[in-house]
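Heads up, the thing below is written out as structure tokens.
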Amino acid sequence: MKICYIVAMRAEAQPFIEHYGVKLLEGFFAPLPCLCYHASIQGSDLYIVLNGEQHGSDLIGCEAASVAALSAIQKIQPDLVVNSGTCGAFLSNGANIGDVYLGSGVMFHDRRVAGDDEWGTQALGNYPVWEGTADLAQRLGFKVGKVTTGSSLDMQPCDEEIIRQNHGELKDMEAAAIAFVCSLFKLPILLVKSVTDLCDSGASTYEEFSKNLALASERLREANVRIIDALV
Ligand code: SAH
């Protein structure tokens with residue numbers, strides 16, 4: 001089995017990279033900035049793909065995530081894609097900093113194209129997630145929630161309206177872009193998200209994010225090790 005993780009920020013992946021002692025495959029995606037790490041685990045292949053950097057910072061957001069996902073899928077031909085990363089969540093849904101969720105669904109919250117027709121449907125996305133998600137969450141004791149993706153870290157009222165209308169629980173900047181690429185290849189995607197900030201806490205999202213990034217990334221490592229143990 002080939003499992004391909006796609007992770008936006010190095011900080012989110014580093015504990016996990018160190019845990020498995022994965023090796024960097026030099027030049028794997030050249031000339032793209034994406035990086036590919038690999039390890040063999042009990043006869044399965046674990047790939048960890050990072051979006052890479054531009055202008056001295058990790059590439060976050062939908063464009064970089066789509067490029068990494070497309071290239072990784074074409075080169076690696078994985079059986080399962082996993083997007084592991086941090087997210088915002090909501091106090092009103094009982095979320096806590098550091099909680100790990102598996103995504104029960106995924107859509108965009110900032111693509112406002114009017115109409116209930118096929119264009120409106122395309123804008124929202126609502127891509128399938130791996131059908132084993134709910135069972136895995138139950139077996140391993142993770143929460144589940146719908147992930148919504150947008151291109152900004154802050155949440156504007158128009159974003160919040162779409163999130164609330166669609167019962168979004170986890171807010172990030174990559175999941176729907178990766179799920180979109182997976183949908184084109186009919187590949188299953190598992191979303192593993194750890195909460196760095198609470199969008200309805202009244203605190204500054206950037207400050208909460210920065211303060212909790214290390215904790216949430218460590219929680220991602222713990223969760224991913226248990227997930228991989230369950231899958232291989
Ligand atoms: N300026 C930050 C950049 C991180 S942006 C820094 O200094 O490190 C946030 C990243 O974490 C994105 O990759 C996104 O997927 C995720 N994320 C965490 N909380 C989020 C939130 N509330 N809204 C959107 N994305 C969030």
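Every heavy atom of this structure was used, including side-chain atoms; hydrogens, water molecules and symmetry mates were not. All ligand and atom numbering here is 1-based and tracks the order in the structure.
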Between T86 and E12, is any side-chain donor less than 3.5 angstrom from a side-chain acceptor?
yes
Should Y20 and Y37 be marked as a ring pair (Phe, Tyr, Trp, His ring centres under 6.0 Å) after you check the CA-CA gap, both sets of side-chain angles, and the distance that decides it?
CA-CA 10 Å; Y20 282 107; Y37 294 85; over 10 Å; no
Counting only heavy atoms, which portion of M9 has something under 4.0 Å from ligand 1: side chain, backbone, both, or neither?
side chain
Atom 15 (O) of ligand 1 - nearest protein heavy atom and its distance
E174 OE1, 2.6 Å
Name the closest protein heavy atom to atom 2 (C) of ligand 1, giving the residue it belongs to and the distance to 0.1 Å.
F209 CE2, 3.7 Å
Is S210 near ligand 1, meaning one of its heavy atoms is under 4.0 Å from it?
no
Name the closest protein heavy atom to atom 9 (C) of ligand 1, giving the residue it belongs to and the distance to 0.1 Å.
L153 CD1, 3.6 Å
Could you tell me the residue and atom name of the protein heavy atom closest to atom 23 (N) of ligand 1, and the distance to it rounded to 0.1 Å?
K171 NZ, 2.9 Å
With a 3.5 Å distance limit and no angle check, can you tell me whether S217 reaches the backbone of A11 through a side-chain donor-acceptor pair?
yes
Any idea which atoms of ligand 1 are less than 4.0 Å away from a heavy-atom of T196?
18 (C), 19 (N)
Distance filter under 4.0 Å to D197 heavy atoms, resulting ligand 1 atoms:
18 (C), 19 (N), 20 (C), 21 (C), 22 (N)
Name all pairs fulfilling the salt bridge (charged side-chain N to carboxylate O under 4.0 Å, His left out) condition that reach into residues 130-150, sequence neighbours left out, sorted by first residue then second.
D99-K143
Suppose I only count heavy atoms of S152 and a 4.0 Å limit; which atoms of ligand 1 are within that range?
24 (C)
What residue and atom, counting heavy atoms only, is the protein's closest point to atom 17 (N) of ligand 1, and at what distance?
T86 O, 3.7 Å
Any nitrogen or oxygen of I60, main chain or side chain, under 3.5 Å from a nitrogen or oxygen of ligand 1?
no
Do Q14 and E18 have side-chain atoms, one donor and one acceptor, less than 3.5 Å apart?
yes
One finds that the ligand 1 atoms under 4.0 Å from a non-hydrogen atom of Y206 are 1 (N), 2 (C), 7 (O)
Looking only at the side chains, is there a donor atom on one of D197 and T205 sitting less than 3.5 Å from an acceptor on the other?
no
Quick test of your reading of the model: are E208 and K211 salt-bridged, counting only N-O distances below 4.0 Å?
no
If you look only at pairs with a residue in residues 80-120, which of them pass as a ring pair (Phe, Tyr, Trp, His ring centres under 6.0 Å), with sequence neighbours excluded?
none
Please could you name the atoms of ligand 1 that T205 approaches to less than 4.0 Å, counting only its heavy atoms?
22 (N)
Do the side chains of M1 and D45 get nearer than 4.5 Å, heavy atoms only?
no
